Amino acid sequence: MPLQTIDKGAIVRWLTACADSIAANREYLTKLDAAIGDGDHGVNMDRGFKAVVVKLSAGAEMDIPQLMKSAGMTLISTVGGASGPLYGTFFLQAAQVCAGKAELTLADWIAMLKAAMNGIMARGKASAGDKTMLDALAPAVQALEDAAAQVHSTAGALALSACAAKAGMSATEPLVARKGRASYLGERSAGHLDPGAASMYLLLKAAAETLASR
Amino acid sequence: MPLQTIDKGAIVRWLTACADSIAANREYLTKLDAAIGDGDHGVNMDRGFKAVVVKLSAGAEMDIPQLMKSAGMTLISTVGGASGPLYGTFFLQAAQVCAGKAELTLADWIAMLKAAMNGIMARGKASAGDKTMLDALAPAVQALEDAAAQVHSTAGALALSACAAKAGMSATEPLVARKGRASYLGERSAGHLDPGAASMYLLLKAAAETLASR
Amino acid sequence: MKKLINRAEDVVRESLEGFAAAHADLIRVNFEPAYVARRDAPVNGKVGVVSGGGSGHEPLHSGYVGMGMLDAACPGSIFSSPTPDQMLEASKAVDGGAGILHIIKNYTGDQMNFEMAAELGRAEGLEIDSAVIDDDVAVTDSLYTAGRRGVGLTVLAEKITGAAAEERRSLKEVANICRQVNSWGRSMGMALTSCTVPHIGHPMFDLPENEMEIGIGIHGEPGRKRLPIQSADEITAMLMEPVIQDLPYRAGDRVLLFVNGMGGTPLSELYIVYRQALSIAKGHRLNVERSFVGSYITSLEMAGCSITLLKLDDTLIRLWDAPVKTPALRWGI
Amino acid sequence: MKKLINRAEDVVRESLEGFAAAHADLIRVNFEPAYVARRDAPVNGKVGVVSGGGSGHEPLHSGYVGMGMLDAACPGSIFSSPTPDQMLEASKAVDGGAGILHIIKNYTGDQMNFEMAAELGRAEGLEIDSAVIDDDVAVTDSLYTAGRRGVGLTVLAEKITGAAAEERRSLKEVANICRQVNSWGRSMGMALTSCTVPHIGHPMFDLPENEMEIGIGIHGEPGRKRLPIQSADEITAMLMEPVIQDLPYRAGDRVLLFVNGMGGTPLSELYIVYRQALSIAKGHRLNVERSFVGSYITSLEMAGCSITLLKLDDTLIRLWDAPVKTPALRWGI
Ligand SMILES: Nc1ncnc2c1ncn2[C@@H]1O[C@H](COP(=O)(O)OP(=O)(O)O)[C@@H](O)[C@H]1O
Ligand SMILES: Nc1ncnc2c1ncn2[C@@H]1O[C@H](COP(=O)(O)OP(=O)(O)O)[C@@H](O)[C@H]1O
Ligand SMILES: [Mg+2]
Ligand SMILES: [Mg+2]
Ligand SMILES: [Mg+2]
Ligand SMILES: [Mg+2]
């Protein structure tokens, strides 16, 4: 049986689920950011993803790459702060990799996330262990690649990647931040989850819950 | 037996006792003023009377009118606020009435307090019942006059005047202020003692305790 | 007590020392007795404009000493009127031969101390006139009180009167301009928090998290009434309507709209209040020709604001726009 | 929450609306996307100086738009970097044909958003250079962090850079002046209280009555360490010494001394800090040739202060003294 593909409807459901999850976790993300940052992460992400959903409804004509690009541009112009450009880059880079595709295979999705990750690394000059959103994204990409090598189902691979993202997010707690605002706290940044890692986990969890279901 | 007179030593002891009593009640007066004014009465009076005492030690040569005038001038230039000019006037007016005297009779003292009271009324344009220092001073003057008419001892008359001042002070509590800062509170000024009435009582109590004792 | 101070009793002096050093190009400070005078005082042939009052309202008054505004300011203890000797020495120091105007905020203490200073000054041959500022419409039954307080309008009066003096007008004219400003201006203020006087060490009154005081003065006194906190737009209406009704300001009047911060309120919030105040003014068809927004007459770190309206004519506008060069207010030069 | 606001989500827009109305003679405001531009922009042949950052630091940056300082400022949400489209549109609006300089406070978000804006702008044919401000010596191990923060020096850099642009210098020269200011300036700040972001509704951190944070930034973040409250003189020394040691400033250096309030601290206290900072500077035999005291870059209603030193030469002094005409800073015109 061929691996299940991801169609445009799934991407729309995913983006909508992202917005719902961010909205539901707005105070939680804000609280995480207040502890080691400036307390705007939840509000900014919520504003951004609400705008993404508005664009969705206006753009019934868009294909998958256009949807991803529109999400990226919208986040860039509505989120602000560090996460605006970073999540914007995430979607823009992913869009480039799937150019021309009407449906995505698991391999496409992996390539997209990898491009997204590289984009974030280039934009933010951070690496794994710096206590950033990368600490949730990188293990998720790795888990997807491992799963794909083992011919998992698309749904199973996505579930594994969400699981790895969650572990990666949790692992940011003891870390001392080396990038972003939290790094100013030095040792005092340890003992708190990174808010960007938490939001990244929410997006990847939403992917697992929507991309491979009809 | 002639009524006991008040000599220069007694005036010095009185001014010193005033300073001690104001210092001891600094927080109390401040608290009264914080409730219906601006909370500076204790501090301002304390600063003023401390300066009066410094002048005392420097002015061994001064006679009674000079002592009173010096106290008045010192209060004017160190207290500030409403009570600076008012208590300054109190001492300056009293000084004028005893010009040339080396010793004071009870009648002199009554005339001095009366002049002081009139000076305060002229300066502050307040009358009895306005919830001011006058509400302690006016009954004290009245009590002195009544006592003198009945050929009391000087000490007894002074004690009665302090007693009347205390009653007058207490009677300010239910009043709605019509003069000074407390008047801005309107009805909310009722239910609090007037700070200036309280300090006036302290001065008159100190007089009873020092002027007629050796 | 969360303050950047050393000993409570040194606050006014040390602050004045820092002020003197920071603005030595504009002012000089005398410490015994304490007053601030413009550096080039006395200015020959010009009326000397002198004000003063308790400290704790910075930048008022010392921050407004300089060309085009005050010739001298006398700082008292925190929230306490200064003493007559300060005012007397300040008046002598800035006497340019055309007389001295005392601008007095209407508080019993300030009135009496300035009155004594004027008596002393006249005895020494100075020509002294005075003008009183009493713009606070929160004090409604002024027959049964010490009268209206002088609040926000004081800043506008000092600016405009100073400009009139700079035009070398006579003492009488300068005093009349100041009185005109007073009769054409009205204010009202509110507080979200109390403030802490250093020597007291705790807030002047308790204001629960969800309450505010309407009709406060600038001395940490509680106001006329305590209400649940409301939105900026509602609060602005509560201040603007009594101000407008009081003069009253009428359709077509040209006005200056001044939104003042009490010290602890961020500038961004003052603009939110300004926005609504302007809209209310427009609703009454007032022509807001000049605007002024900032913390210009404060009550230590109190959070809150006041709103002042001043009716304008061509002369007042010219005097408001005239150059001013002081530590806290500067334009045109 | 003790704030003069309506709905939390409207704070920035409504404040900007009030600001636009109050200063229509100096600036104009674009709302979609949000930026403030000087009224006469673009100025032909002049480098356009553009800055921006999160809101909540007022008067920074919008208050500094006008002749002699910024051509445009982009306000973000409270404590959040603005977005590239704001910076792009602002840059286009003030492009007088001599290029655009972006002055960027060194925060990850600001850096990345300005970077994207510059990429977009260059793609549209704009000539854009940038200069970064990172003066906060509280961030010591900058190798392991996002680098030093941009704090108090930003105000001085915007003033001096704006004056250089006003002299019609080239983009390269203007950028270099800004970089020189950055390399010659150092700051450090402290907080007595936290501050409350409207949409959060409670203080960013708890600071007990007898404690303070040393080494804070301007975003309500806790600082490097928490200590018992000390006297103003001791606190001033705690800020001044690391600042002086860092550059280091040496005996004989000419400097500007800037004592900044974080928003909730009265001006009078800033002068107490200034007094001691000056005395420490003199102790190090620094020549304090210019002084600047006030709440110019704030953190909402936070109580606290920061101290900035800037080394001066004749050029920087001339540019500092040059006329400036903005809502929040004005002299010489
Ligand atoms: N250089 C970077 N590279 C990758 N992620 C980063 C970087 N800097 C910050 N982040 C992420 O951004 C998150 C903060 O986002 P947000 O609060 O929206 O922005 P800001 O810090 O500007 O307020 C951090 O928790 C972290 O995960
Ligand atoms: N017009 C007046 N006549 C007489 N006494 C007055 C008058 N106004 C105020 N006082 C007295 O002064 C007291 C307040 O003094 P103080 O607190 O030192 O001055 P201020 O009100 O200027 O702060 C009041 O409690 C009242 O007794
Ligand atoms: Mg943040
Ligand atoms: Mg008082
Ligand atoms: Mg007082
Ligand atoms: Mg932010």
Side-chain angles (χ1 to χ4, degrees), chain A residues 26-27 29-31 33-48 50-51 72-89 92 119-120 122-126 129-133 176-189 192 196, chain D residues 8-9 33 53-54 56 74-86 88 107-117 120 136 138-149 194-205 215-226 299:
Chain A
R26 184 184 135 118
E27 313 308 327
L29 294 174
T30 291
K31 219 172 126 183
D33 195 33
I36 56 170
D38 57 356
D40 58 358
H41 191 58
V43 179
N44 290 355
M45 291 289 285
D46 186 36
R47 184 175 54 240
K50 285 210 161 68
M73 296 301 290
T74 305
L75 291 175
I76 287 173
S77 66
T78 55
V79 176
S83 45
L86 291 170
Y87 279 113
T89 299
L92 292 186
I120 289 181
R123 184 59 75 192
K125 300 181 192 70
D130 283 351
K131 192 169 184 139
T132 71
M133 53 177 65
V176 172
R178 282 191 299 247
K179 289 286 165 184
R181 214 173 266 298
S183 68
Y184 301 132
L185 285 179
E187 299 293 330
R188 284 170 80 177
S189 65
H192 300 273
Chain D
E9 53 270 44
C74 307
S77 298
I78 292 197
F79 294 168
S80 290
S81 164
T83 56
D85 53 325
Q86 294 175 258
L88 175 65
Y107 298 94
T108 306
D110 296 66
Q111 284 269 24
M112 292 191 298
N113 283 287
F114 267 107
E115 200 174 283
M116 286 193 151
L120 295 167
D136 187 354
V139 182
T140 45
D141 43 359
S142 49
L143 275 182
Y144 305 98
T145 65
R148 291 176 150 170
R149 295 175 286 222
S194 181
C195 58
T196 297
V197 174
H199 65 252
I200 301 186
H202 57 78
M204 296 280 288
F205 52 92
I216 50 137
I218 51 171
H219 297 89
E221 328 88 315
R224 298 291 292 187
K225 54 186 173 182
R226 185 170 287 200
S299 194

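Note that this is a predicted model, so its numbers are computed, not measured. Chain identifiers are assigned alphabetically (A, B, ...) following the order of the sequence lines, protein sequences preceding nucleic acid strands; residue numbering begins at 1 within each chain.
In this structure, the side chains of A:K179 and D:T108 stay at 4.5 Å or more apart for every pair of heavy atoms.
Counting heavy-atom pairs under 4.5 Å between each of A:L185, A:V176, A:D130 and chain D puts A:L185 at the top. Between chain A and the residues D:E9, D:M204, D:Q86, the most heavy-atom pairs under 4.5 angstrom are made by D:M204.
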### Task
Would you sort out whether A:K125 and D:Q111 count as a side chain to side chain contact (heavy atoms under 4.5 Å, CB included), showing the intermediate values?
CA-CA 12 Å; A:K125 300 181 192 70; D:Q111 284 269 24; over 6 Å; no
Quick one, D:M116 with A:T89, criterion side chain to side chain contact (heavy atoms under 4.5 Å, CB included). Give me CA distance, side-chain angles, the key distance, then yes/no.
CA-CA 10 Å; D:M116 286 193 151; A:T89 299; 3.3 Å; yes
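For chain D, the nearby part of A:V79 is the backbone; its heavy atoms alone come within less than 4.5 Å. For a residue to count as touching a neighbouring chain, one of its non-hydrogen atoms must lie under 4.5 Å from one of that chain's; by this rule D:Y107 touches chain A with backbone and side chain alike. A:S189 does not touch chain D: none of its heavy atoms, backbone or side chain, sits under 4.5 Å away.
Atom NE2 of residue D:H199 and atom CG of residue A:D46 lie 10.5 Å apart, to the nearest 0.5 angstrom. How far CG of D:N113 is from CG of A:L86: 9.0 Å, rounded to the nearest 0.5 Å. If you take CG on A:N44 and CD1 on D:I78, they are separated by 11.0 Å, rounding to the nearest 0.5 Å.
Checked for salt-bridge contact, D:E115 and A:R123 meet the test: a charged N lies under 4.0 Å from a carboxylate O.
When all heavy atoms are compared, the tightest approach of D:T83 to A:G80 is CG2-N, 3.5 Å. Across every non-hydrogen atom of D:M112 and A:A82, the tightest pair is CE-O, 3.2 Å. For A:G39 against D:I200, the heavy-atom pair with the smallest separation is O-CD1, 3.2 Å. Annotation for A:Y184 and D:A146: closest pair OH-CB, 4.1 Å, computed over non-hydrogen atoms.
Contacts classified as salt bridge (charged side-chain N to carboxylate O under 4.0 Å, His left out) and involving residues 36-45 of chain A (residues at least two apart or in different chains) are given here: A:D38-A:R181.
In this structure D:P203 satisfies the side chain to side chain contact (heavy atoms under 4.5 Å, CB included) test together with D:S194, D:T196, sequence neighbours excluded.
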